[in-house]
Every structure is written in C-alpha cells, then in structure tokens.
2 protein chains.
Amino acid sequence: MRRDIFQAIADPTRRAIIALIALQAMTPNAIAENFNTTRQSVSKHLRILTECELVKQEQQGREIYYSLEVEKIKEVDQWVSQFRKLWETRFNQLDDVLSTLKQQQK
Amino acid sequence: MRRDIFQAIADPTRRAIIALIALQAMTPNAIAENFNTTRQSVSKHLRILTECELVKQEQQGREIYYSLEVEKIKEVDQWVSQFRKLWETRFNQLDDVLSTLKQQQK
DNA sequence: AACTTGCGAAACCGAATGGTTGCACATACA
DNA sequence: TGTATGTGCAACCATTCGGTTTCGCAAGTT
C-alpha cells in the first residue's frame, strides 16, 4: 500500500517510535514498553511506518526487529528545503536593511 | 487553540496552500481558485494553519490576505535535523568502508 | 437604502484514524 | 507433544477529519 510520509509522521506516537528505533532495532514488545499503549497498537503504527518505507524489519526466530530507514526522512528534508531559501533570503534582506542603516549613519 | 504543526502539514491540500502563499499573500477566494474545492473548505484549512501559527492574516477592507510564517517551518527542520546526523554518519561509515577497500587493494 | 461581494461559523455527513479485544499462527521450550 | 511466547490480523468502537451546504455579518457599490 502506498502511503504519504507526512501523514505517517503526523502522529506523535509514531514520531516517538521513529526516534526510538533510530538508535537501535527493536521488537514491537520492547517498543510498546516505552509507551502507555498495547503491543497491537504499536504494531499498527509499525505497519503504517513500513507501508511508507520509513521502517524496515528483520526477522530473527520468532522476534521481528524494526529499525529506521533514515534515508526516507530526506523526503521531509527536501520539502523543508524549498522554504529554507525563503528564510535565508529574509535574513539577507534584514542584513541589507542593517547595512543600509549603517551607511546612513556615516 | 493549540495545534501540532506535523498534523497541519499532513494534509496534501494544506501543503499546497502553504507553497502557494509562500510566494505572495493571497485571499481565501484566490487560493480556492487554485484547487478543486470550495472557498469554505480552504477557509477551514487556513484556520488550522493559523491555529498552529504557520500562517498570518492581514485584513484589507473586506478582504483578508493570508501569508506564510516561514519561520514556523523551522520546527520541522529541527525535527529532521536529529536524523540528519544519522544519515551523515552513515555516509561516513560508507566512506570508511571504501577507504578500507582501497587500502586492501594496495 | 438596497444590492453585491468576501468572509467565517455552524450543522451535517461519509470516511479515515487510533485504540482495544479476541483470535490464529509460527517459533521456542519443557 | 504440550505449553509459553512473540507476532500480525480482523472486528469493533469512539473520535477526528475533510468536505459541502446554509447562514449571518461586515464592507463596498449602486
């Protein structure tokens, strides 16, 4: 199933899961222990994160380790970058104003 | 009302609105013309965007001009940045592997 | 003063969301 | 083989979401 990454990171619990498994791969049970919710609920979140390829899984015996697909977050970074130049130019414009004022003081 | 910026940018129409008013301030009617939806629907989106301070409004007569509060997007940038170092170190690790292979070839 | 225009708010509706509970199944262990 | 453990999935439920329609109001226009 195709899924939107922005919709995936909209939920605060999912963002917490992402931050958690960014450091090390974890099983659903281990993840659920960190939240005030059931394992099945975490499992649903992991399914959504997997569907948009934000998370990859690796089976080990009867356990499944989930870890973050860091590269995927670049998609969010790319979206942000179109506005980054805006706040940079705004900064530059402020710079211009300041240097103009400085000129006038001379 | 307090609102989560990640929940605000989850909707594709809202992201389109953000991109639209990033360049110039626009009225709800003008914005709605760019989408296949009603003005009232756009108005609801603008309300959500305003609630999380992603958008500011300026009244001019009976028209209200909406424009982007670019600075607010830095919050998303900050969230991304915690993972940016991860994909940078991953790149460095790949670098290490490559240089090790090069060493062995000598 | 009557009419038009631009807008937000409220009421309503179908669809999606996030959570829980119960179940089925595979893997490990006695 | 029987039992415990780790997991995904389906069914169900209350809530939220995104959209439309209707309305009221303020600002212009005639």
Side-chain angles (χ1 to χ4, degrees), chain A residues 1-21 24-69 72 76 79, chain B residues 1-21 24-69 72 76 79:
Chain A
M1 190 205 198
R2 194 83 195 113
R3 204 176 264 270
D4 182 11
I5 185 176
F6 289 95
Q7 191 267 339
I9 65 170
D11 185 79
T13 304
R14 278 198 289 271
R15 286 201 302 277
I17 292 177
I18 289 175
L20 208 55
I21 63 176
Q24 54 174 342
M26 293 177 74
T27 66
N29 263 323
I31 295 171
E33 282 172 7
N34 291 274
F35 301 104
N36 195 18
T37 184
T38 61
R39 176 192 57 80
Q40 284 89 338
S41 174
V42 170
S43 197
K44 281 178 85 169
H45 284 307
L46 287 171
R47 197 163 84 92
I48 291 170
L49 293 172
T50 305
E51 280 170 359
C52 67
E53 299 168 327
L54 256 171
V55 151
K56 58 175 179 283
Q57 41 186 304
E58 191 187 346
Q59 185 123 15
Q60 260 179 42
R62 64 183 164 189
E63 293 182 328
I64 301 177
Y65 284 86
Y66 287 86
S67 59
L68 183 63
E69 197 77 73
K72 191 70 178 183
V76 181
W79 181 79
Chain B
M1 190 204 198
R2 193 84 195 112
R3 204 176 264 270
D4 182 11
I5 185 175
F6 289 94
Q7 191 268 336
I9 64 171
D11 185 78
T13 304
R14 277 198 290 272
R15 287 201 303 278
I17 291 177
I18 289 175
L20 208 56
I21 64 176
Q24 54 174 341
M26 292 176 76
T27 66
N29 262 322
I31 295 170
E33 282 173 6
N34 291 273
F35 303 103
N36 195 19
T37 182
T38 61
R39 175 191 58 81
Q40 284 89 338
S41 174
V42 170
S43 198
K44 282 177 85 170
H45 284 306
L46 287 171
R47 196 164 85 92
I48 291 170
L49 293 173
T50 306
E51 278 169 0
C52 67
E53 297 167 328
L54 256 170
V55 151
K56 57 176 180 283
Q57 42 186 302
E58 191 188 346
Q59 184 121 17
Q60 260 180 43
R62 64 184 164 190
E63 294 183 327
I64 302 178
Y65 284 87
Y66 288 86
S67 59
L68 183 62
E69 198 77 71
K72 191 70 178 183
V76 182
W79 181 79

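Each chain gets a letter, A, B and so on, in the order its sequence line appears, and its residues count up from 1. Every heavy atom of this structure was used, including side-chain atoms; hydrogens, water molecules and symmetry mates were not.
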(message) So if I define the base as every atom that isn't primed, P, OP1 or OP2, how would nucleotides 19-30 of chain C read as a B/S/- string at a heavy-atom cutoff under 4.0 Å?
(response) BBBB----BS--
(message) According to salt bridge (charged side-chain N to carboxylate O under 4.0 Å, His left out), does anything in residues 32-45 of chain B pair up with another residue at least two apart or in another chain? List the pairs.
(response)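 For residues 32-45 of chain B: none.
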(request) Would you indicate, yes or no, if C:dG6 has its OP1 or OP2 atom less than 4.0 angstrom from a side-chain nitrogen or oxygen of B:T27? (result)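 Answer no for this pair, as no side-chain N or O of B:T27 is under 4.0 Å from OP1 or OP2.
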(message) Taking only side-chain N and O atoms of B:N29, does any of them lie within less than 4.0 angstrom of OP1 or OP2 on C:dC7?
(response)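 Answer yes for this pair, as a side-chain N or O of B:N29 is under 4.0 Å from OP1 or OP2.
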(message) Can a donor-acceptor pair be found, under 3.5 Å and without considering hydrogens, that links the side chain of B:Q59 to the backbone of B:G61?
(response)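 Between the backbone of B:G61 and the side chain of B:Q59 there is a qualifying donor-acceptor contact (under 3.5 Å).
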(request) Check whether any side-chain N or O of A:T50 sits under 3.5 Å from a backbone N or O of A:E53 as a donor-acceptor pair, and report yes or no. (result)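 Not confirmed, A:T50 side chain does not pair with A:E53 backbone.
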Could you tell me whether the side chain of [Y] reaches within less than 4.5 Å of the side chain of [X], counting heavy atoms only?
X: B:Y65; Y: B:Q60; answer: yes
X: A:R14; Y: A:H45; answer: yes
X: A:V42; Y: A:Y66; answer: no
X: A:I9; Y: A:I18; answer: yes

(request) Identify, with sequence neighbours excluded, every residue that meets ring pair (Phe, Tyr, Trp, His ring centres under 6.0 Å) alongside A:F6. (result)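 Ring pair (Phe, Tyr, Trp, His ring centres under 6.0 Å) list for A:F6, sorted by chain: A:W79.
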(request) Mind checking the CG-CD1 spacing from A:L46 to A:I21? Nearest 0.5 Å is all I need. (result)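 These two atoms lie 6.5 Å from each other.
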(message) With a strict under 4.0 Å distance from non-hydrogen atoms of chain B, what nucleotide opens and what nucleotide closes the contacted stretch of DNA chain D, reading 5' to 3'?
(response)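 For DNA chain D, the relevant span reads D:dC17 to D:dG28.
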Specify the separation, in whole Å, of atom [atom1] of [X] and atom [atom2] of [N].
X: B:I48; N: C:dG8; atom1: CD1; atom2: P; value: 13 Å
X: A:D4; N: C:dA16; atom1: CG; atom2: P; value: 15 Å
X: B:R47; N: C:dA10; atom1: CZ; atom2: P; value: 8 Å

(request) Applying salt bridge (charged side-chain N to carboxylate O under 4.0 Å, His left out) between B:E51 and each of B:K56, B:K72, B:R3, report the one that passes. (result)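 Checked B:K56, B:K72, B:R3 against B:E51; only one passes salt bridge (charged side-chain N to carboxylate O under 4.0 Å, His left out): B:R3.
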(message) So if I take the C1' atoms of five pairs at each end of the helix from C:dA1-D:dT30 to C:dA30-D:dT1 and get each local axis, what angle do the two axes make, rounded to 10 degrees?
(response)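 It comes to 10° between the two terminal axes.
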(message) Heavy-atom nearest nucleotide on DNA chain C for A:R3 versus B:L46: which residue maps closer to 5'?
(response)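 On the 5' side of the pair lies B:L46.
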(request) Report the residues that fulfil salt bridge (Lys or Arg N to Asp or Glu O under 4.0 Å) with B:R62, sequence neighbours left out, ordered by chain and then residue number. (result)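 Salt bridge (Lys or Arg N to Asp or Glu O under 4.0 Å) list for B:R62, sorted by chain: empty.
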